[in-house]
Amino acid sequence: MTDKARIRTEAARFLQFFQDRGACVVEADILQPAETLLDLYGEDIRARAFVTHDPDFGEAMMRPDFTVPVVQMHMAVGAEPARYAYMGEVFRAQEEATHRASEYFQVGYEVFDRAAPIEADAEVFALLKEVLEPLNLRAATGDMGLLLAAVRGLATTDRRKAALLRHVWRPRRFRALLDRFAGRAPLPEGREAMLAMKTPLAAGITHIGLRSPAEIAERINALHEDAAAPPISQQEVELLDDLLGLRETTENVLEHLRDIAVDMPAIADAVDRLEMRAEALTKHGVDVGTLDFEGSYGRTSMEYYDGFVFGFYAENRPDLPPVATGGRYDALTRVLGNQNGERRDIPAVGGVIRPELTLELTGEAAQ
């Protein structure tokens, strides 16, 4: 059995490391308002969180991570730039993977910096790499900004792009939508018959469900517009597949990305940022010539990552989850900064370490 006292001591060691490098230590409540998380992620979050209800507090979730409460705290009272560190338990329901822990410790480091976001990416990655160096972990990186830019640049309707963007973090659903929008997969069962109906909402049909007749009519009109739209071109689908299939070192992947950007100019700015990040990482002592880059990396992480993403893995223990993960989440600060009538945002990036895994890798977790 894992010794929680040892884990707490290991977590405190990491926390002190970040504090010594200028981070302000903060805390976050275990119970978080469910409304905020549901607004951010939709009802899907219920399958991954422990939900409870209090007569005064209302519906709440045991914190699935620290990022959302830390961002809320910063947007309310934080100075700029800011660096925060924290430690504590997080709680994740594991209905489909019962071998994974439902609660575990995280130690994190977050940087809010408007003036130098690329430098902040490199700083966070380099600090986690430094503190984890004795474990000889493999680092993997990616950039969600490349895929998001590619989807936004597709020559298709805004509705289709919005649907694809919603499901970027659900690879199978994303692929099914892309194939359908490209004309490579049939319409969902029953849709063709519905589209052929002259009056789907004819009088005499009983209205059931929560959607009003006006909402249903709007949805039907949207489906007709989608059916009339031309398919996404084979060239654009192949370029997306090429982008998602990239697996190279950071140094070598840039040349390939420049080639893709010739035919997909929407990703050019994201490629420029990746190149600048590689330079910043080099200045922090990271060897980008051996640093892995994966085009699909980050697509099964929390859905707020929208730029640089990374993880550290024990190659000799494929049974373990990542020892540390992190990434950039600028869009999250825009969402949480635009509450209560305010309009604030700030570029932000962070990373977390799981101390029970570092103990397991050093053989110190057992009682």
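Residue numbers start at 1 and run along the sequence shown.
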side-chain contact (heavy atoms from CB on, under 4.5 Å) between D113 and E119: does it pass, once the steps are laid out? CA-CA 9 Å; D113 193 333; E119 172 63 25; over 6 Å; no
Apply side-chain contact (heavy atoms from CB on, under 4.5 Å) to residues L127 and Y109 and explain how you reach the verdict. CA-CA 9 Å; L127 280 181; Y109 180 73; 3.5 Å; yes
Could you walk me through whether V286 and F125 satisfy the side-chain contact (heavy atoms from CB on, under 4.5 Å) test, starting with their C-alpha distance in whole Å, then the side-chain angles of each, then the deciding distance to 0.1 Å, before giving a yes or no? CA-CA 9 Å; V286 177; F125 179 87; 3.9 Å; yes
List the steps and the verdict of salt bridge (charged side-chain N to carboxylate O under 4.0 Å, His left out) for R273 and D143. CA-CA 10 Å; R273 286 193 295 273; D143 193 332; 5.7 Å; no
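Judged purely by atom type and a 3.5 angstrom limit, R328 uses its side chain to pair as donor or acceptor with the backbone of P117.
Aromatic ring centres of Y297 and F308 lie farther apart than the 6.0 Å criterion allows. Annotation: Y84 is not in aromatic contact with Y86 [ring centroid separation under 6.0 Å not met]. Aromatic ring centres of F174 and H167 lie farther apart than the 6.0 Å criterion allows.
Once rounded to the nearest 0.5 Å, the distance linking CG of L154 with CZ of R160 reads 10.5 Å.
L359 is listed as a side-chain neighbour of R6, based on a closest heavy-atom distance under 4.5 Å. Between D3 and I7 the shortest side-chain heavy-atom distance does not fall below 4.5 Å. Considering only heavy atoms from C-beta on, M73 comes within 4.5 Å of V26 through its side chain.
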